[in-house]
Each structure stands twice: as structure tokens, then as C-alpha cells.
J.: 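The following block contains the structure, expressed as C-alpha cells.
Residue numbers run from 1 in the order of the sequence given. Atoms within a ligand are numbered from 1 in the order they appear, just like the ligands themselves.
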Amino acid sequence: MKPCTSAAASAITVLAVALTATACSGEPEKTEDRPTRSSNYGYRPPLPVYKVAQDVTFDSPTLRKAQKAGKLVIGVKNDQPFLGFQDADGKRSGFDIEIAKMIAADLGFPTGMIEFKTIDTSGREASIAAGDVDLYVGTYTINDERKKKVGFAGPYFMAGVDLLVRKDDRTIGGPYSLEGKTVCSVKGSTALGEIKKADYNTTTVEALKYSECVRQLLGGGVDAVTTDDAILMGYAAQSPDKLKVVGNPFTEEPYGVGMNKDDEALRDAVSDAIEAHDENGDHEKAYNATLGLSGSKFDGTPLVQRY
Ligand code: GLU
């Protein structure tokens with residue numbers, strides 16, 4: 001790989017360079033929200049700017065609580081590059097963070113009035129039920145089991161469970177080639193539930209965070225990490241010389257925004273917001289400026305399913 005010289009670098013190479021921007025030339029990473037172009041980094045699309053709605057009122061206990069508190073509390077991930085990531089300075093970035101910001105804006109909350117809280121996969125339902133977060137935006141698959149405890153707006157994105165392996169692995173091509181292998185996933189995830197099925201005949205390691213699984217994969221402690229392709233592509237893009245995504249998704253994971261199960265007015269308002277930002281182009285623009293940098297192509301927004 002020649003990350004600093006080739007103008008015809010692949011999307012993943014461009015991304016890897018963007019992610020570790022200072023490694024090539026010592027030039028500081030650009031942080032402003034406008035398009036940037038440099039011979040070393042390639043094109044970096046701008047993030048959208050979301051118009052904040054004024055005087056929002058509808059019959060939602062969650063909205064009333066947030067308005068009284070002067071902040072909207074949103075649960076997110078912090079270790080998923082290009083989706084929900086927090087850097088060493090505390091700055092959050094990624095597609096889910098943008099989805100959270102665009103919805104908050106439609107509810108009348110500018111970014112400065114959002115309190116982001118890191119909640120990992122296994123803590124989501126409990127933190128929503130306890131009211132610790134008003135909304136949750138973090139690679140959260142909508143399914144019937146979870147709908148018993150959580151209200152979902154969306155979907156706003158469609159992922160699929162896939163496998164992350166070491167770059168030199170030639171033995172794993174999909175879930176049915178995992179017999180005798182050790183696979184890491186995260187407690188409470190749909191991916192862990194899937195890979196534990198007897199069909200696959202594999203040994204599982206359960207972690208609290210995907211970044212912990214990736215550390216084990218890099219260190220040789222496990223043979224694969226399984227979760228959504230969108231998440232895995234972010235990790236692969238961070239270590240393109242060491243890791244690769246198999247690219248053979250074996251489930252469907254529609255991502256929704258989680259909230260209190262009984263707050264139907266909020267659910268409707270968030271679904272409205274998802275549709276509005278799809279129609280005005282913010283969704284695609286946000287995607288291209290975040291998840292798109294990990295090499296995944298924008299494939300349209302799934303139809304919102306109201307219930
Ligand atoms: N989308 C899957 C889930 O909601 C896996 C990703 C995650 O753990 O957030 O379980």
C-alpha cells in the first residue's frame with residue numbers, strides 16, 4: 001500500500017489515510033464543515049448543517065421532560081468508527097451521531113443541547129426503560145423481541161451481520177466455515193444470538209464492546225469477530241493491512257432509534273424527522289461524510305415502518 005502518494009488509491013485506502021491524517025505529511029487534520037481537497041487525503045465531503053425547529057410541542061412525556069431539563073439525552077456508542085465514535089479529545093463522530101443530531105434539531109434541540117451518553121449494546125433496553133436516555137441511536141436493530149421493551153422509529157439504515165477476520169485468513173468465507181473456530185461478539189447483540197446457533201458449530205467469546213473483540217482478533221486470541229457489516233467495515237478501514245471483512249452478510253439488521261415504548265407521539269415525530277431528512281438530502285450527505293468513508297456505498301434509505 002502507498003497511502004501517501006497514489007492519487008488513484010482505493011476508497012478504503014483514502015479512508016485509512018483520512019483517519020490517520022497526520023501520519024503522512026504532518027499536516028493537521030481538517031475539522032471545518034466544508035469540503036476539503038488535498039492531494040494526500042482525497043475528497044472529504046462536508047457534514048450537513050441541520051435547521052433547528054422552533055416552538056416544538058406535541059404530547060410526549062419524554063419531550064416535556066427534555067424541554068424542562070434544557071437538554072435531550074441521547075444514548076450512543078463510542079467505539080464504532082464512522083458510526084458512533086469518540087476520540088481522545090471527547091469529540092463524537094459518525095453516521096449515528098449525525099442521525100441523532102438531525103432528529104434532535106427537528107425536536108427543537110441544537111447540537112449544543114444534546115447530552116450524549118455512551119451506552120453499550122447490553123445496556124440499551126435497561127437505560128431506555130429507566131429513562132436514563134431520551135433516545136438511543138447506536139446500530140440498534142429493530143426486532144419484535146425488543147419491541148416488547150422499546151419503541152422504535154425507523155429504520156434509517158439496513159445492515160447485515162458479517163465476519164471480520166485477519167487479512168491473511170483464507171479459511172473463513174462465511175458462517176458455515178466457522179466450525180472449530182473461535183468467534184467474538186458482544187453481549188446482548190443480535191449477532192451473538194445468531195452465531196450461537198448450533199448450525200454454525202463454533203466457540204463464542206462474549207465481550208462488552210466490539211473494540212475488545214477486535215483487540216482479541218488482532219492479538220490472535222479469536223479467529224473472527226461477528227456483528228453488522230457497517231461496524232466491521234469501520235474496524236477494517238482502521239487496520240487495512242491486518243483485517244478484512246468477509247463480505248457475505250447472513251442476516252438483515254434494520255437500524256432504528258430507540259425510545260420509551262409507550263411514547264407514541266415521540267415515535268411518530270422521530271419517524272417524521274427520519275423521512276424529512278431523507279427527502280431533503282441530509283441523510284445521504286451525512287452518510288457520505290461518515291460511513292461512506294469506510295468504503296460502503298449509499299444504497300438509499302429504507303422505508304420507515306410505522307406501527
Ligand atoms: N445491530 C445489532 C444489534 O442491535 C448488532 C450491533 C450492536 O450490537 O449494536 O444487536
J.: Nearest non-hydrogen contact with atom 8 (O) of ligand 1 belongs to which option: Phe157, Tyr210, Tyr136?
T.: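 The residue whose heavy atom sits nearest atom 8 (O) of ligand 1 is Tyr210.
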
J.: Against heavy atoms of Ile231, which atoms of ligand 1 measure under 4.0 Å?
T.: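 In order of numbering, the contacting atoms are 6 (C).
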
J.: Does Asp229 have any side-chain hydrogen bond (donor to acceptor under 3.5 Å, both in side chains) partners at least two apart in sequence or in another chain, and if so, which?
T.: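 Partners of Asp229 by the side-chain hydrogen bond (donor to acceptor under 3.5 Å, both in side chains) criterion come out as none, since no residue qualifies.
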
J.: With heavy-atom distances below 4.0 Å as the criterion, list the atoms of ligand 1 near Thr121.
T.: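 Checking each atom against Thr121, I get 7 (C), 8 (O), 9 (O).
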
J.: Salt-bridge test for Arg166 and Asp223: reply yes if a basic N is under 4.0 Å from a carboxylate O, no otherwise.
T.: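 Yes, Arg166 and Asp223 are salt-bridged.
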
J.: With heavy atoms of Arg124 as the reference, note each atom of ligand 1 found under 4.0 Å away.
T.: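 Result: 3 (C), 4 (O), 7 (C), 8 (O), 9 (O), 10 (O).
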
J.: Look at atom 4 (O) of ligand 1 and say which protein heavy atom is nearest, naming residue and atom and giving the distance to 0.1 Å.
T.: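 Sorting protein heavy atoms by distance from atom 4 (O) of ligand 1 puts Arg146 NH1, 2.8 Å first.
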
J.: Going by the order shown, which atoms of ligand 1 are within less than 4.0 Å of some heavy atom of Lys77?
T.: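 Checking each atom against Lys77, I get 7 (C), 8 (O), 9 (O).
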
J.: Going by the order shown, which atoms of ligand 1 are within less than 4.0 Å of some heavy atom of Ser189?
T.: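 Matching atoms, with element in brackets: 8 (O), 10 (O).
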
J.: Which atoms from ligand 1 have a heavy atom of Thr227 less than 4.0 Å away?
T.: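 The atoms of ligand 1 under 4.0 Å from a heavy atom of Thr227 are 5 (C), 6 (C).
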
J.: Test ring-ring contact (aromatic ring centres under 6.0 Å, His included) on Tyr200 and Tyr176; report intermediate values, then the result.
T.: CA-CA 6 Å; Tyr200 303 128; Tyr176 290 101; 5.1 Å; yes

J.: Between Arg267 and Met259, is any pair of side-chain heavy atoms under 4.5 Å apart?
T.: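 They are in contact (side-chain heavy atoms under 4.5 Å apart), so the answer is yes.
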
J.: Can you tell me if Gly138 contacts ligand 1 (heavy atom of the residue under 4.0 Å from the ligand)?
T.: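 A heavy atom of Gly138 does come that close to ligand 1.
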
J.: Between Lys187 and Asp120 (salt bridge meaning N to carboxylate O under 4.0 Å), is one present in this structure?
T.: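 Answer for the salt bridge query: no.
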
J.: Could you tell me whether some N/O pair between Thr139 and ligand 1 is separated by less than 3.5 angstrom?
T.: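 Yes - when backbone and side-chain N and O of Thr139 are compared with those of ligand 1, one distance drops under 3.5 Å.
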
J.: Is the ring centre of Tyr140 less than 6.0 Å from the ring centre of Phe152?
T.: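 Close enough - the centres of the two rings lie under 6.0 Å apart.
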
J.: Quick one: which ligand 1 atoms are inside 4.0 Å of a heavy atom on Tyr255?
T.: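 It comes down to these atoms of ligand 1: 1 (N).
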
J.: Within less than 4.0 angstrom of ligand 1, does Val186 place any heavy atom?
T.: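 Not so, Val186 does not reach ligand 1.
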
J.: With atoms numbered from 1 as shown, which atoms in ligand 1 lie under 4.0 angstrom from a non-hydrogen atom of Thr190?
T.: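 Close to Thr190: 2 (C), 3 (C), 5 (C), 10 (O).
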
J.: More than 12 non-hydrogen atoms from neighbouring residues, nucleotides or ligands closer than 6.0 Å to CG on Asp168, yes or no?
T.: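 Above 12, so yes.
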
J.: Could you work out, with side-chain hydrogen bond (donor to acceptor under 3.5 Å, both in side chains) as the rule, every residue matching Lys65, not counting sequence neighbours?
T.: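 Checked Lys65 against side-chain hydrogen bond (donor to acceptor under 3.5 Å, both in side chains); matches are Asp134.
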
J.: Could you tell me whether Lys209 and Glu212 have a side-chain N and a carboxylate O separated by less than 4.0 Å?
T.: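 No.
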
